[in-house]
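Bear in mind that the values here come from a model prediction, so they are computed numbers and not experimental data. Just so you know, residue 1 is the first one in the sequence shown, and it goes up from there.
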Amino acid sequence: MTTDALDAPSRAGERDGAPVAVATTSLDSAAGVTWTLLALAGPLPEAAAALRGAGVPATVPGVVHTDLLAAGAIADPFDGDNEARLAWIGRTGWSYRAVFGWTPDGRPRQELVAHGLDTVAVLRLNGTEVGRAANQHRTHRFDVTGLLREGDNELVVEFEAPVDAAERLAAEQGPRPHVNHHPFNAVRKTASNFGWDWGIDVATVGIWRSLALESTGVARIRAVRPLAGVDGGRGVLTAHVDVERVPGAQDATGTVVVEVAGRATRVPLAAGAGTAVAVVEVPDAQLWWPRGYGGQPLYDVAVRLELDAGPTDTWSGRVGFRTVTLDVAPDEHGSPFTVSVNGRPVNVRGANWIPDDAFLPRLDRGTYERGVRDAVEANMNLLRVWGGGIYESEDFYDLCDEQGVLVWQDFLFACAAYPEEEPLRSEVEAEAREAVTRLSRHASLALWNGGNENVWGYVEWGWRVPLAGRTWGAGYYLDLLPRIVAELDPRTPYSAASPFSYTEYLHPNDPRHGTVHIWDVWNSRDYSAYREYAPRFVSEFGF
C-alpha cells in the first residue's frame with residue numbers, strides 16, 4: 001500500500017490520440033457503477049431491519065446517512081432530537097457492494113485507488129481481501145494485479161461501526177483524555193464528526209471520496225511538489241517530481257519536463273531514479289499577495305514524464321510566486337506572531353474554518369465558493385483550517401489562491417491526547433506527508449500548525465494524572481510534523497500548536513506571547529471582557 005496526493009493527474013486511455021502511461025476507470029456512481037448499501041452487525045431498530053437483507057441504493061462518493069436519507073429510511077438528523085434517535089448508525093457495521101465491468105488493456109499493473117475511506121475498512125475484490133484502511137485523511141492504493149477478470153467483477157468494502165471502532169482502539173492503545181463523548185483521538189477520523197459544541201454527533205461511514213481503478217504501463221507520476229518562491233526579485237519554481245515504476249521496469253529511462261510561464265526545464269530521469277528536481281526561473285514573475293496588499297497572479301504549471309520506451313504521463317496545477325515568514329522572536333513585550341508576505345507584515349483579519357456540513361460528500365465547489373465569498377465580504381484575509389476537521393478539497397484552496405485569502409492549515413489534532421505508538425504513528429506520518437505534498441503548491445498556504453489546543457490541554461486541563469506517563473502527541477507536534485514540513489515544504493512556516501507561546505516554560509495560552517485562544521467570553525463572560533485583553537495574536541475566539 002502506498003500513499004498518493006489527491007490532485008493526482010487526470011488520466012484516460014489516450015491523450016491526443018497517443019497512448020498514455022496510466023488509464024483510469026472510475027468506480028463512482030456518476031460513472032454508471034451501481035452500488036448497494038447493507039447493514040452488518042449492530043443495533044438496528046426494528047424499522048430498519050430490511051437493511052440487513054436487500055439493502056438500499058448507495059452513492060459513491062457518499063456516506064451511510066445520506067444514502068439512508070435518499071432511500072427514505074431515516075429522518076433528517078438535524079431535525080428535533082433525531083441526532084439521538086439515529087445514534088444506532090454509528091454503532092452499526094456497513095457494507096458497500098458493486099459489480100463493475102473490466103477489460104484488460106495490456107498494461108501490466110492494476111491498482112484500486114481509494115481517495116477517501118471513512119474509516120476502518122476491509123476491501124475484497126472477487127472474494128479476495130486486497131487491503132485494509134484505518135484513516136479517513138489519506139489516499140489508499142491496493143495492488144489488484146491478477147485479481148481482476150475480464151467481464152464482471154465484484155468489489156465489497158466493509159466498514160466497522162465507527163463509534164465501536166474508536167472505543168476498541170482506545171482500549172487497545174490505552175485510554176487518553178479527550179473532550180466530548182467518544183474517543184475520537186484513537187482513530188484517524190474527523191474529530192468533529194463524533195459531535196462538537198457546534199455540531200451534531202453523526203459518526204459517519206462510507207466511501208466519501210472518489211474510487212477508481214488505475215492501470216499502469218511502465219511508470220507513472222506519483223506526486224508533484226511545485227514550490228514557487230522568489231529569489232533576488234525573480235520568480236523561481238522548484239518542482240519535485242516523484243516517479244513510480246511498475247515491477248520489472250527499474251531500468252526505464254526518460255525525461256521530466258516542467259513548464260511555467262512560457263519557460264521549460266528538462267531533467268533526465270536515470271534508470272532506477274524515483275525523483276527528479278527541475279528548477280525553472282521566471283525573471284518577470286508577478287508576485288502573489290493576500291487581498292488588500294496587491295494582486296493574485298497565478299501561473300499554470302505543466303509536468304510531463306517522457307519515457308524513452310513507452311507512453312507519457314502528465315500533471316498540471318497552478319502556483320503563485322511569493323514568500324511567507326513568521327516572526328516569533330522575543331521582544332520587549334513578550335513574543336510576537338507576525339506573518340509577512342513578500343517581506344511585508346500582514347494585518348491578519350480572519351476566522352476558523354470548520355467543515356461546512358456534517359456529511360462531507362454533500363460539499364461541492366458551490367459550497368466552498370459561498371463560504372470563501374462570505375469571508376471576503378466580511379473583510380477577512382486569512383482562514384484557519386481547524387484541526388478537528390479535514391484537509392479540505394482542492395476547490396477550497398484554489399478559491400483562496402484566487403481570492404487572496406491566506407490559509408493557516410492545522411494538522412488534524414484537536415482537544416485531546418494522541419497516542420504516538422504504532423499503528424497510529426504510521427498513519428499520522430502517511431497522512432501528513434500526503435497533505436503537505438498535495439497542498440504545498442498553493443500560494444495561499446501561509447502556515448502549517450501542529451494542532452488545536454492539545455499542548456494547552458496537557459498543561460492546564462488535568463491530563464497528566466490520567467495519562468500516567470503515556471504519550472500524548474508531543475512527539476508529533478515538536479518532532480515528526482516539523483521534520484515533514486522542513487523536508488517537503490520548507491518555504492512555509494510551521495507552528496507547533498495553537499495556542500502557543502514559542503518560549504520554553506511559558507504557559508501556551510499567555511496573551512503576551514505568540515497565539516492565544518479566548519473562550520471565557522463564550523463560556524462565562526460578556527463580550528465587553530474583550531477590552532481586558534491585549535494579546536499579540538488571537539488565533540481563536542468565540543462570541
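Put simply, the side chain of Val346 reaches to within 4.5 Å of the side chain of Pro290, judged on heavy atoms. Contact annotation: the side chain of Glu532 approaches that of Arg525 to within less than 4.5 Å [non-hydrogen atoms, C-beta and beyond]. Looking at Val407 and Leu382, their side chains never come closer than 4.5 Å, going by heavy atoms from C-beta outward. Side-chain contact between Leu117 and Phe159 is present, with heavy atoms from C-beta onward closer than 4.5 Å. Contact of the Thr275 side chain with the Val241 side chain is not registered, since no non-hydrogen atoms from C-beta on lie closer than 4.5 Å. Taking 4.5 Å as the limit, every side-chain heavy atom of Ser335 sits out of range of all side-chain heavy atoms of Arg536.
Nearest heavy atom pair, residue Thr323 against residue Gly343, reads OG1-N, 4.0 Å.
Taking 4.0 Å as the cut-off between side-chain N and carboxylate O, Arg85 and Asp81 count as a salt-bridged pair. Salt bridge status for Glu259 with Arg263: absent, with no side-chain N to carboxylate O gap under 4.0 Å. A salt bridge does not link Asp164 with Arg168: none of the charged nitrogens is closer than 4.0 Å to a carboxylate oxygen. Under a 4.0 Å N-O distance rule, the pair Arg91/Glu167 qualifies as a salt bridge. Under 4.0 Å is where a charged nitrogen must lie from a carboxylate oxygen, and between Glu369 and Arg365 at least one such pair does. A salt bridge links Arg318 with Glu402: the closest approach of a Lys/Arg side-chain nitrogen to an acidic carboxylate oxygen falls below 4.0 angstrom. Using a 4.0 Å cut-off between charged side-chain N and carboxylate O, Arg470 and Glu420 make no salt bridge.
Residues in residues 278-295 take part in these side-chain hydrogen bond (donor to acceptor under 3.5 Å, both in side chains) pairs, two or more places apart or across chains: Arg234-Glu281.
Arg138 pairs in a salt bridge (Lys or Arg N to Asp or Glu O under 4.0 Å) with only one of the listed residues (Glu434, Glu431, Glu427), which is Glu427.
Taking the six-membered ring for Trp and thresholds of 30 and 60 degrees, Tyr494 and Phe411 have ring planes inclined between 30 and 60 degrees apart. Note: Trp198 and Trp386 have perpendicular aromatic rings, judged against thresholds of 30 and 60 degrees for the angle between ring planes. Between Phe184 and His178, the angle of the ring planes goes over 60°, which puts this pair in the perpendicular group of the 30/60° scheme. Taking the six-membered ring where tryptophan is involved, the planes of Trp94 and Trp88 are tilted, since the angle between them lies from 30° to 60°. Ring geometry for Phe359 against Phe78 counts as perpendicular: the plane angle is over 60°, on a 0 to 90° scale with 30° as the lower cut.
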message: The test is ring-ring contact (aromatic ring centres under 6.0 Å, His included); show your working for Trp472 and Trp463 and say whether it passes.
response: CA-CA 9 Å; Trp472 58 276; Trp463 290 0; 7.0 Å; no

task: Report the C-alpha separation of Glu453 and Asn509 in whole Å, then their side-chain angles, then the decisive distance to 0.1 Å, and conclude whether the side chain to side chain contact (heavy atoms under 4.5 Å, CB included) test is met.
output: CA-CA 9 Å; Glu453 298 185 351; Asn509 202 40; over 6 Å; no

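A cation-pi arrangement is found for Arg188 relative to Phe413, the charged atom lying closer than 6.0 Å to the ring centre and inside a 45° cone about the ring normal. Annotation: cation-pi geometry satisfied between Arg464 and Tyr458 (NZ/CZ under 6.0 angstrom from ring centroid, within 45° of ring axis).
The side chain to side chain donor-acceptor pair (under 3.5 Å) search around Glu421 returns Arg176, Thr471, not counting sequence neighbours. Not counting sequence neighbours, the partners of Asn449 by the side chain to side chain donor-acceptor pair (under 3.5 Å) test are Asp410, Ser495.
In this structure, CZ on Arg384 lies 12.0 Å from CD1 on Ile354, to the nearest 0.5 angstrom.
In Trp522, the CH2 atom is not crowded: 12 or fewer heavy atoms of neighbouring residues, nucleotides or ligands sit closer than 6.0 Å.
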